[in-house]
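Indexing begins at 1, ligand by ligand and atom by atom, following the structure's order.
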Amino acid sequence: MTALFVGLDLSTQALKASLLDADLRGLDEVQVRFDADLPQHGTHGGVLPSHHPLLDEPEAAAAPVHMYVEAMDMLWDRITSERKWPVERIAAISAAGQQHASVYWARGAQDALRSVQSTQPLHTQLGPQTFSRCIVPNWQDATTLDECEQLMQHADATPHLARTHTTPALCETTGSIAHTRFTGAQILRWRTRKPEQYQSTERITLVSNFVTSLLLAGSEAKIAPLDLSDACGMNMWDMTQHRWSDPILAFVGGDAESLAAKLGHVVVDPREPMGHVGTWLQERYRLPPSCIVCQATGDNPATLQCLTPRLGEAVVSLGTSDTVLLPSRVYAPHPQYHVFAHPASTPNAAPDATPPYFLMFVYKNGSLAREWARDTYAAGTWARFDAALEAAPEPRGTGFYWLRPEILPWDARGVHRFDEGGKRIDEFADATLNVPAMVQSQAMAFKTRIAQVLGTQIPLSRVYVVGGAAENRSVCQVLANVLGCEIARPLISGRSAETGERVPYNFCSVGAAFRARWVWQCVQDDHTPSFEKCIADARGAASDAYEVVAQPNPTHAHAFATYVDTWKALEHEAHAAKA
Ligand code: XUL
């Protein structure tokens, strides 16, 4: 009986599960979509509509915690009754959860988790009394601007926190400046507005260890501890001291000790199993008692686990926002990006092992800006858009299209165009030049930030491109020319047990299943392989993990390399000008 591995992903809109065999071939995927499958909760896009009575504030972005519990019931029903997964072969499970979002467990919650009966679903047993807050603030929430300001000021005013001349104390200490979606600001606002709810809270988890806790439900259950990589998205973990930052906890929680108790400990080794599946899963769905529950992590760390970029490689996700994930050996925090612990790094690892950190850059003006260029300058068709890109393969001026206030550079606004000589212009003589100007400029923004971090020692050797626009070959060719390296598309796919067809799989749940495979291997073996080696060995040489979709054209790549300084100066000028 060969072992199988499951990865879950509790994302904004759905709870998904991927089933992989020991060679990491995908056998099936299943999901519960919140809006469609659990309409009684009334979510749109997985969050409650504004002014919903459950929301603390009319404009907050949050989901009902009970919807997530109910989704877990429905998922396991589907896995066993509809899809008939051979659950008795599942050897290990891990999960991914939306980063930053937090779940508030009431006093007595661990006992409630221990007393669940396998004859009943979870949602009828873990009722409102199990949670001290009925909602889970979502990463899209932006109600906490004031708290961000206060956190930054408090950290700057705290004498013994790490800082540099250029990096504020909160950023130097936690790897990120304050962000509205990060858990620290979220807890601070809620505690000060709902002190009685805060007082009645036993534990605060992220979505990742909330899922882990549900997997442990049953007689031996515990509320699972936090994963290190995911804990870095809270603005409270001191990355220089490898512990909670007491001054920050004291500010967020009123006193450091009580908040530290609510947060519990952070597990610094991702190989450490959390236990075995709880009696609820064993008895109700026949999972074997030997099935290991691994730590869960955030969805971006899980994507990194799925694509396993090495040092000198990056993941570029071209979606609503464009996101760059970049493994790093050095802890070099900067206000313009996030530094998180790498989800597959282990304590005391050899210097050539998995890098200890990864960086995340988020650019707000991603696909919406590209679609705007398509509609405005390419008659609304991707064919014309692609033709415009191909007609200008080298810089013929540039532009900045910050249609929404940008993150990188911070608060940059408006549309700015510059001709070939670097002179500001209102419009290009040939307006279709806006299309290459935009896509090239987006790629230059990736190039300059990546180069700033990698330095001259480590050349960028490959970029894995994912997200909607990654399907576009012309966009990929621009990326190859500007970034000066090959562009690869990950081949993460598997069978659909329903149709038998090969279908693309979800990166986050597959990344979680990879962690399950690795942790299981480490438990079996005396020696513990690095994550990358374990995944490469399991997949075997025959199966390609990616396909190269574009190679740089040397002449065009040279043109972009020599354009960097000019482009940086123009970006600076456009940013300074505002809209
Ligand atoms: C990352 C972030 C989002 C969520 C999506 O910082 O907020 O990407 O992780 O679930």
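Considering Asp299, Asn138, Asn300 only, the shortest heavy-atom separation from atom 1 (C) of ligand 1 involves Asn300.
Residue contact check: Gln98 has heavy atoms under 4.0 Å from atoms 10 (O) of ligand 1. Listed by number with element, the atoms of ligand 1 under 4.0 angstrom from any heavy atom of Met360 are 1 (C), 6 (O).
Between His338 and His179, the gap from one ring centroid to the other is short of 6.0 Å. Ring centroids of Phe131 and Tyr104 are separated by 6.0 Å or more, keeping the two rings apart. Residues His575 and Phe400 place their aromatic rings such that the two centres sit no closer than 6.0 Å.
When only modelled atom types and interatomic distance are considered, Ser229 and Asp227 share no side-chain donor-acceptor pair under 3.5 Å. In the model, Thr201 has a side-chain atom that pairs as donor or acceptor with a side-chain atom of Ser132 under 3.5 Å.
Remark: ligand 1 and Arg181 share an N or O pair separated by less than 3.5 Å (distance only, no angle test).
Atom 6 (O) of ligand 1 has its closest protein heavy atom at His100 NE2, 2.6 Å.
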